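Report on the following structure.
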Amino acid sequence: MACINWGHATAPKAIAYRIADEGWAECEKYFPTWREAYDHADRTARGKQ
């Protein structure tokens, strides 16, 4: 996950990246809150997408 520090109120606050086997990253999803981003990362790590 990465922080997005965009100033306007409706901007996403976090973004999830997926690292491919070749080592490059692709944008997976934007999140309106950090809590949603953390929950997504936890589910993904546990294989419960």
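Given the structure is predicted, the values throughout are model-derived calculations rather than measurements.
- At a threshold of 4.0 Å, the pair Arg43-Asp39 does not count as salt-bridged, since none of the basic side-chain nitrogens sits closer than that to a carboxylate oxygen.
- Nearest heavy atom pair, residue Ala16 against residue His40, reads CB-CD2, 4.0 Å.
- Ile15 and Tyr30 make their closest contact through CD1-CE2, 3.4 Å (heavy atoms, listed as atom of the first residue, atom of the second, distance).
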